[in-house]
Amino acid sequence: MIRRNTFILEQPKVEEPVVMSGKDRQNIMRLRINRIAIVQELRVEYILNYLKDCGVINEDDQRKIDMGTTPSDKARRLVDLLPSKTHIQDWYQSFREALLNPEGGPEVKKRCKAMVEFLDNTVIHRPTSQNSRLSGSDASSMKLPHYEPLPMIHDKEPRKSIPQNVLNLESERHKGTVMAAKEDYTAEKGVRDVVPEREDKMIPWSSDQMDSMTLVKGFFQQWVTTPDNFRSLIQVPEDHFKRLQESSALEDKEQLAAETKTLEKMRKLELVTVMARRKLLPEGFELCMCDVVHEVLFDKDNYHYYFKYLKNLELSDVNLMVDVVSSFASIMNNMEPTKGGVNMEQAVKLGFNLIDFVAEYGYFTQAEVIMTVLLMVLNKSQNMDTWMAKYKGLVKLMHFRNMNYDFQGVQMAYNLSNELMWKIDMMSFGQDLVDKGEYFIELSTLMLEYGSANASFGYIQKAMKEVKTEDPANIVHALCQAVMVYSAKWSIKRAETLAVEAVQQAKEHFGCRHPLYIKALLHFCHFSSEFKQDQPGVDVAKHTLDTAKIVYGCETIQLALAHRALAKALLVVQKFDNMDYHYHATEALRMARGLLPDKHPMLHLFLHTSASALQWKALHSSKDLQNSTLRLAETQAIDALEIVAIHYSEISLCTARMCVLLGQIKSKMDMVEEADELLHRAIIYMKLCQPENSNYLLLAMATLATLHKIFNKPKEAVNLFSHVVTHVDSSGVYLKWVHVCYDHLINTLQSLNQNKEADEFQIQLSQWLRDNPVYDKQITMEDLTAKPEPFSKFLDNFNVWEKRTKKVLDFAKRVVAAGEDKS
C-alpha cells in the first residue's frame with residue numbers, strides 16, 4: 001500500500017539484472033581486466049561446444065558470436081556476452097572449465113591454460129563504499145548525513161523495535177523527517193525497497209507527515225518531506241489524451257499507455273527538481289544521479305513523449321534539462337577515469353544517453369557542454385576502453401553537429417575521430433572493434449551539404465555495408481541518407497527503392513508512432529516532390545503531418561518539416577484551387593522561427609519553401625495583392641540567401657540555388673536586369689563547385705534561358721537551351737523540365753526561321769523520349785507499410801550490379817591464372 005501524495009522514484013529496471021552476487025561482480029571484473037589478452041589469444045571454436053553443453057550459451061548466442069569477421073572479433077563477442085549470463089549458476093566456472101578442456105591440441109591447451117592462470121591470478125579488491133554509483137572517489141571523501149539521537153521510549157508505551165537510520169532534516173521554511181534506506185548487501189543488489197505502510201506504528205511519524213513523504217533514490221535512498229506549497233506546473237494535454245482514448249487503433253492504444261507512463265515520470269522529475277532547487281534534499285544529492293532521471297534518459301524509444309512537458313515547463317522558466325546537465329557536469333569533473341571500472345562505464349553511458357536526449361530535443365549547446373566534459377575526463381586516461389568511448393563520443397559529436405548545421409564543427413570532430421580510429425586500427429586486434437557505419441553516415445551527410453554528391457555517394461555506399469544488421473536505428477539513418485544522395489545524383493529509380501525501404505524498415509522495427517518512422521516518411525516526401533510529383537505523394541505528406549501531430553503533441557522541428565513537406569507536395573502538383581499550400585508553408589516557417597535561433601542555417605529550408613509559395617500565391621492573386629505578396633517573397637528569399645552565404649560560403653550549391661529562386665521572384669516583379677544578374681551569378685557559382693553535366697547547373701541555365709526567351713533575347717536563349725539539351729545525362733526516366741527545354745528551343749529556332757536546326761533537335765527529342773520513358777509507377781501507403789525483406793537481403797538485391805561486376809572480374813582473374821599455369 002502506498003501513502004497518499006507520495007511519489008516513489010525507483011531504480012530503472014532496464015539497467016542491470018535484478019540480482020547479482022558479489023562473486024559475479026568480481027568474475028565480471030576479471031573478464032574486463034583480462035579482456036585484451038583473451039581477445040588476442042582465445043579461439044572460440046575450441047570452447048563453444050563445452051559452453052553449449054553447460055547451458056551457458058544457446059543457439060542465438062552462437063549465431064551472434066559467429067557473426068564476427070575474425071577470430072579476435074568472435075572472442076570479443078563472447079567476452080561481451082558472458083556478463084549477461086549471471087542468471088545461470090556457475091556461469092564463470094563453466095567458462096573456466098571450458099578453457100581447461102578445449103577441443104584442440106597441446107598448443108591450444110597450453111594457451112588456454114595460460115589464460116586461466118591470468119584470470120585466477122587477477123586480484124579483485126572489494127569496493128570500500130557502495131553509496132555512490134558513478135563517483136570515482138574514495139568513500140572517505142563523501143559527506144555522510146547527520147543522525148539525531150533516537151526518540152525517548154516512554155514507560156507507558158510497550159517496548160517496540162525502533163527502526164535505525166532515521167534522519168531529521170531542518171530548514172528555515174521546512175521541518176520534516178527522513179528515513180534513510182538500508183545500505184546493506186540487499187540494497188547493493190538492487191532489491192526493491194519495502195515501503196512502510198501508513199499504519200505502521202514502528203515509524204515515529206504523524207499521519208500528516210507520512211501523507212506528504214517522497215522516497216528519493218539517488219546517492220541516497222531516503223524519504224523526504226514533500227513541500228507543502230508544491231504545485232505542479234505541468235499541463236496535461238487533455239485533447240491529445242482524449243483523441244488517443246477515443247481511437248480504436250492499436251497503435252493509439254499503445255501510445256496512450258506509453259504517454260501515461262511518461263507523464264508519471266515527468267511529474268516525479270519535476271517534484272525532485274523542485275526539492276533540489278529549494279535545498280530540501282540531503283547534502284551531496286545530485287540530480288543526474290536520481291533514478292527518475294535515469295528512467296527518462298534510458299527510455300530512448302519514448303524521448304519524443306517528454307518534449308511537450310519540457311516545453312510546457314520552460315514557459316514557466318523551469319528548465320529541467322539545464323539542471324540535469326549542470327549536475328552531470330559537476331559529477332564528471334570529480335571523476336577519476338584512470339581507475340576505470342564499472343563506475344566509469346556507467347558514467348559514459350549516462351552521458352551518451354543525456355547527449356542523445358538533449359540533441360533530439362534541440363538543445364545543441366547543452367549537448368556540446370556534456371560532450372566537452374566527457375572528452376575532458378576521458379582524455380585523462382589512455383587505456384583501450386577510453387579510446388573506444390572517445391571514438392563513439394566523437395561520432396556522436398559529428399551527428400548532432402550535422403543536426404545543428406555546424407559543418408565546421410563536424411570537420412573538427414571528424415579529424416579527431418579519424419585520428420583515434422587509426423590509432424585503434426593499429427592495434428593487433430583493433431580492426432574489428434570500430435563500428436564505422438555511423439561514422440560514414442555522418443561523413444556522407446557533411447559532403448552532401450557541401451554539394452559534393454560524388455564524395456557523399458562513396459561514403460553512403462560504405463555506410464550501408466558497414467552498418468550492423470542488428471542495429472535497426474542506424475539502418476534507417478543510412479537508408480534516409482542514401483535517399484538524399486541518390487536523389488542528388490538524379491538516380492530516380494534507385495532513390496525510390498531506398499525511400500520505400502526506409503519507411504518499411506522504420507515501420508517494421510519502430511512502429512508508426514516513432515520519430516524514425518516520421519524521418520523516413522519525410523525523406524520519401526522529399527524524393528516524391530523532387531521526381532514523382534503525383535497525388536499519392538500528397539497523400540503520404542498528409543499522413544506524415546497527421547502522424548507528427550499525434551506523436552509529438554506539440555510544436556517541434558519535425559512537425560515544422562512535415563508542414564513544409566506537405567506544402568512542397570501541393571506546390572509540385574499545382575493544387576492552387578485553395579490556399580492550403582500557402583498555409584502549410586507559413587506554418588512551417590512560423591514554427592521554425594519559434595524553435596530555432598535567429599539566422600540559424602536550417603531556417604533557409606523553410607524560407608525557401610515559403611518564398612516559393614508566396615511566388616505562386618502572387619500569380620493567383622488580384623493585381624492589388626500581387627505586388628505586396630511578391631515583395632514579401634523577395635524579403636524571405638533575401639533572408640535565405642544571407643543565411644546560406646554565411647554558413648555555406650558564397651560559392652556553394654546552396655547559395656546558387658537561392659540566387660535562382662530570388663532571380664525568379666525578381667523576374668515576376670519585372671526587375672529584369674536584377675533577375676538576369678542573379679541567374680548569371682548562380683550559374684557562375686555552380687560552374688565553380690559542380691561538374692559541367694550537373695543537373696542543378698543545367699536547370700539554372702534553363703531558367704536563365706527561359707528569362708531570355710520571355711524578354712525577347714532569342715539568340716541568348718537558343719545558346720543556353722542548346723547547351724542544356726546537349727549536356728543533360730540520360731537518367732532512364734522522363735524529366736519534365738528537359739522536355740520543356742526541348743520545346744522552348746525548337747519554338748525559338750522556328751521563330752528565327754532556323755527550321756533545319758529545329759528539325760534536328762526535334763529528332764533528338766524523339767530519341768530522348770524513347771530512351772527516357774515516363775515512369776508513372778505510383779507508390780501508395782499500402783506499399784510503404786508492407787513488410788520489408790531482411791536488410792542484408794535488400795542490400796544484396798540492391799547491389800546486384802556490383803555483385804555481377806565482381807563475378808566477372810573474379811572469372812577474368814581465374815582465366816588469367818589458368819593461362820599462366822599452362823604457360
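The basis for the numbers below is simple: all heavy atoms, side chains too, and nothing from hydrogens, waters or symmetry mates.
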Would you please classify the geometry between the F364 ring and the F400 ring as parallel, tilted or perpendicular, with 30° and 60° separating the classes? parallel
Counterpart residues, salt bridge (Lys or Arg N to Asp or Glu O under 4.0 Å), relative to R681 (two or more places apart): E677
Check: K308 and Y552 side chains under 4.5 Å, non-hydrogen atoms: no
Rounded to the nearest 0.5 Å, how far does CG of L632 lie from CG of N627? 12.5 Å
When you check the side-chain N and O atoms of T445 and Q481, is any donor under 3.5 Å from an acceptor? yes
For side-chain contact (heavy atoms from CB on, under 4.5 Å), just list the numbers for Q558 and E360, CA-CA rounded to whole Å, side-chain angles, deciding distance to a tenth of an Å, and then say yes or no. CA-CA 10 Å; Q558 290 76 12; E360 190 74 21; 4.1 Å; yes
Are there over 12 heavy-atom neighbours, none belonging to K311, within less than 6.0 Å of that residue's NZ? yes
Taking C-beta and beyond as the side chain, do W737 and N695 meet within less than 4.5 Å on heavy atoms? yes
Are S649 and S652 close enough that a side-chain donor and a side-chain acceptor fall under 3.5 Å? no
Using only atom types and a distance under 3.5 Å, with no angle test, would you say the side chain of S621 pairs donor to acceptor with the backbone of K617? yes
Could you check whether K396 pairs with D356 (Lys NZ or Arg NE/NH1/NH2 to Asp/Glu carboxylate O, under 4.0 Å)? yes
Rounded to the nearest 0.5 Å, what separation is found between the CG atom of L662 and the CE atom of M669? 9.0 Å
Can you find a side-chain donor-acceptor pair between H600 and N404 that sits under 3.5 Å? yes
Around K668, counting heavy atoms of other residues, nucleotides and ligands shown, do more than 12 lie under 6.0 Å from its NZ? yes
Take a 6.0 Å sphere around CD of Q411 and say whether it holds more than 12 heavy atoms from other residues, nucleotides or ligands. yes
Within-4.5 Å side-chain heavy-atom neighbours: Y648 and H604: yes
Check the side chains of S330 and E286 for a donor-acceptor pair under 3.5 angstrom, ignoring hydrogens and angles. yes
Quick one: list whatever passes ring pair (Phe, Tyr, Trp, His ring centres under 6.0 Å) with Y450, sequence neighbours left out. F407
Any donor-acceptor pair under 3.5 Å linking the side-chain atoms of Y685 with those of E650? yes
Please name the pair of heavy atoms, one in G451 and one in Q690, separated by the smallest distance, quoted to 0.1 Å. O-NE2, 2.9 Å
Considering residues at least two apart in sequence or located in another chain, which fulfil the ring pair (Phe, Tyr, Trp, His ring centres under 6.0 Å) criterion with H620? F576
Nearest 0.5 Å please: distance from the CG atom of D639 over to the NZ atom of K599. 4.5 Å
Check: V358 and I370 side chains under 4.5 Å, non-hydrogen atoms: yes
Donor-acceptor pair, distance only, cut-off 3.5 Å: does the side chain of N474 make one with the backbone of V467? no
Test ring pair (Phe, Tyr, Trp, His ring centres under 6.0 Å) applied to Y361 - qualifying residues, sequence neighbours left out: F307, Y363
Donor-acceptor under 3.5 Å (S452 side chain, L448 main chain): no
Tell me if a side-chain donor or acceptor on H477 pairs with a main-chain N or O of E442 at a distance below 3.5 Å. no
Counting the benzene-type ring for Trp, do H514 and H304 have ring centres under 6.0 Å apart? yes
Tightest non-hydrogen contact, residues L661 and A611, listed as CD2-CB, 4.0 Å
H526 backbone acceptor or donor facing S529 side chain under 3.5 Å: no
Test item: Y439 and Y459 side chains (from C-beta on) under 4.5 Å apart, heavy atoms: no
Pair R590, E587 - check salt bridge (charged side-chain N to carboxylate O under 4.0 Å, His left out), show working. CA-CA 5 Å; R590 180 190 64 79; E587 275 292 282; 3.0 Å; yes
Side-chain (N578) to main-chain (D580) donor-acceptor, under 3.5 angstrom: yes
Measuring from atom CG of L603 to atom CD of Q636, what distance do you get when rounded to the nearest 0.5 angstrom? 11.0 Å
Set of salt bridge (Lys or Arg N to Asp or Glu O under 4.0 Å) partners for E438, sequence neighbours left out: none
Which atoms form the tightest heavy-atom contact between V476 and L516, and what is the distance? CG1-O, 4.0 Å
Kindly indicate, with the supporting measurements, whether the criterion side-chain contact (heavy atoms from CB on, under 4.5 Å) is fulfilled by S612 and H608. CA-CA 6 Å; S612 299; H608 187 285; 3.8 Å; yes
Checking side-chain polar atoms at under 3.5 Å, does N418 have a donor or acceptor matched by the opposite partner on N415? no
Any heavy-atom pair between the side chains of L641 and T655 that's under 4.5 Å? yes
Salt bridge (Lys or Arg N to Asp or Glu O under 4.0 Å) filter on E270, not counting sequence neighbours, yields none
Is a donor on one side and an acceptor on the other found under 3.5 Å between the side chain of S444 and the backbone of F440? no
Please answer whether the main-chain N or O of A588 pairs with a side-chain N or O of R564 as donor and acceptor at a distance below 3.5 Å. no
Closest heavy-atom contact between G663 and A675? O-CB, 3.3 Å
Mind checking whether Q626 and L619 have side chains closer than 4.5 Å, heavy atoms only? yes
Given 3.5 Å as the limit, does a donor-acceptor pair link the side chain of S491 with the main chain of S487, or not? no
Rounded distance [0.5 Å steps], CD1 in I665 versus CG in L614: 8.0 Å
Could you pull out the closest heavy-atom pair between Q235 and N312, with the gap in Å? N-OD1, 2.8 Å
Indicate yes or no for a side-chain donor-acceptor contact from S327 to the backbone of D323 under 3.5 Å, with no hydrogens or angles considered. no
Worked verdict on E674 versus K666 for salt bridge (charged side-chain N to carboxylate O under 4.0 Å, His left out): CA-CA 7 Å; E674 292 185 31; K666 295 276 191 182; 2.8 Å; yes
Kindly check if the number of other-residue, nucleotide or ligand heavy atoms within 6.0 Å of CE (M781) is above 12? yes
Exercise: do H680 and D676 side chains pair donor with acceptor under 3.5 Å: yes
side-chain contact (heavy atoms from CB on, under 4.5 Å) between L653 and Y696: does it pass, once the steps are laid out? CA-CA 8 Å; L653 175 62; Y696 296 112; 3.8 Å; yes
When every non-hydrogen atom of L595 is compared with those of I557, the smallest separation belongs to CD1-N, 3.4 Å
When you measure from the centre of the six-membered ring of F457, is the NZ or CZ of K489 under 6.0 Å away and within 45° of the axis? yes
Measuring only between side-chain heavy atoms, which start at C-beta, is Q255 closer than 4.5 Å to H240? yes
What distance do H563 atom NE2 and T544 atom OG1 have between them, rounded to the nearest 0.5 Å? 12.0 Å
Charged tip of K265 within 45° of Y306 ring normal and under 6.0 Å: no
